[in-house]
Amino acid sequence: MPLAVSFVFGGISSEYNTSVSSLTHIISSYLSMPRRDRSFSVKNMYHLSRDDGLVRTIPFHNDFTISELTAYLSDTSTLPGSTLSATFDAIERRKEYVVNLLLGQFGEDGGVQTIAALSGLKGTFGDPQVASLTMNKYAMSSFVSSILPTDIVRVPKTTLVRPRYVADAIQSAKLRHGQIVVKPNSLGSSLFTGLFDSIAESEYDIRALLSAIFKYDSGALLQEFIPGDDYSCGCIITSSDIILLPVIKIETARDFFGYDEKSTDSLAERKVVGSHEDMSDKLKYITKSIANSSDLCNIARVDFKVTDQYEVWFLECNSIPSLTQNSLFVKMLHHHGKTALDLISMLASKSSSFKRKPHLVE
Ligand SMILES: Nc1ncnc2c1ncn2[C@@H]1O[C@H](COP(=O)(O)OP(=O)(O)O)[C@@H](O)[C@H]1O
Ligand SMILES: [Mg+2]
């Protein structure tokens, strides 16, 4: 088996559990596959602790079981840990290929990508600057609106709020009428994401939500509400090609894929859009343009709203979509005839790892 792969997972963000579930899904699929059919070998699983920020190494072996993984995770504090940078340097010396399953803050925003680039690690980390751009919903929306015209994709009117000018931001957002979405600029999973009938009627609740957001995020968005269904389009980016996955439409009772809808299956219906349907081609075209222009690598999932008049609105680009068993990305892979394991072997064999350019000009 020529390819050897390790994983880094866990992390210090609110998406810790999703990261652990992504790894668990990958390892249980791997264990249930007959050995002769496995296209890569698993080396190590590196757990970044949310308690002390240290990394513990969980070695994979021939008789490894999911209960062994669960036992490791139930109390990692007894194992010796080391800092992320020391771990990455050691991994680089062993020439392991690492799949980054860290989500959210520090995992997806350029934090871990910078340390990986400094160590010269091979893996799915990608360019730290691209990670920072995609994680910043406000900046990424500006980027998308600058590369594509409004008849292709629009971005909702948005007020960026910082803790020091909440009153001014609320005042200027009040000039817009209609329902309003309040959300963090860079957290995920619809955490602290609220829908309000108007700013004037709900100012007290909106201010309370903004205070909650500012405990975890330096920015929040007050955004016009776009009615319609959610759509999501995923892609795999290899060094020579972009593979666009089947588009998924998400229907919810209130046209809002909020925290409750994401965590309760019965509140959101996820349907695969047929490749012959018009919306599929359009969303794939937009996703491909975004991936090419922003220099994304490995994988990405772009979230949209589409109105009854077929207007397409960009919401966000996820550079590390979760790979849990029930995730949108795994569903997209499935309808493309692939599994998360196929994805990993494709990334390890066909996508190029980010290499930092020299900083000094000779
Ligand atoms: N401006 C908006 N109009 C309508 N719905 C929105 C808007 N912004 C967010 N939403 C809803 O909230 C969900 C989460 O927002 P999103 O920007 O994708 O952030 P994340 O998924 O990172 O939490 C979306 O899938 C969508 O259903
Ligand atoms: Mg989203």
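Order of appearance sets the numbers: ligands from 1, and atoms from 1 within every ligand. Excluded from the calculations below are hydrogen atoms, water molecules and symmetry mates; all remaining heavy atoms, backbone and side chain alike, are included.
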| request: Using a strict cut-off of 4.0 Å, indicate which atoms of ligand 1 neighbour a heavy atom of Asp230. | output: 24 (C), 25 (O), 26 (C), 27 (O)
Any idea which part of [X] is under 4.0 Å from ligand 1, heavy-atom wise: side chain, backbone, both or neither?
X: Val181; result: side chain
X: Pro227; result: neither
X: Lys262; result: side chain
X: Glu224; result: backbone

| Hey, would you say the Tyr216 and Phe192 ring centroids sit under 6.0 Å apart? | yes
| Centroid-centroid distance, Tyr30 to Phe40, less than 6.0 Å | yes
Looking only at distance, does [X] have an N or O less than 3.5 Å from an N or O of ligand 1?
X: Thr193; result: no
X: Leu315; result: no
X: Phe257; result: yes
X: Asn318; result: no
X: Asp255; result: no

| request: Enter the distance from Gln179:CD to Ile226:CD1 here, rounded to the nearest 0.5 Å. | output: 10.5 Å
| said: Checking side-chain polar atoms at under 3.5 Å, does Asn298 have a donor or acceptor matched by the opposite partner on Ser351? | reply: yes
At the 4.0 Å heavy-atom cut-off, does [X] count as touching ligand 1?
X: Leu187; value: yes
X: Glu261; value: no
X: Ser189; value: yes

| task | Using the ring of Phe329 (Phe, Tyr or Trp, six-membered ring only), decide whether Arg301 places NZ or CZ under 6.0 Å from its centre and within 45 degrees of its axis. | result | no
| message | Check the orientation of Phe64 and Phe60. Use parallel for under 30°, tilted for 30 to 60°, and perpendicular for over 60°. | response | tilted
| said: Below 30° counts as parallel, above 60° as perpendicular, anything between as tilted: where do the rings of Tyr16 and His47 land? | reply: perpendicular
| request: Please confirm if an N, O or S atom belonging to Asp303, backbone or side chain, lies less than 2.8 Å from the Mg ion (ligand 2). | output: yes
| message | Please name the atom of Glu316, limited to N, O or S, that comes nearest to the Mg ion (ligand 2). | response | OE2
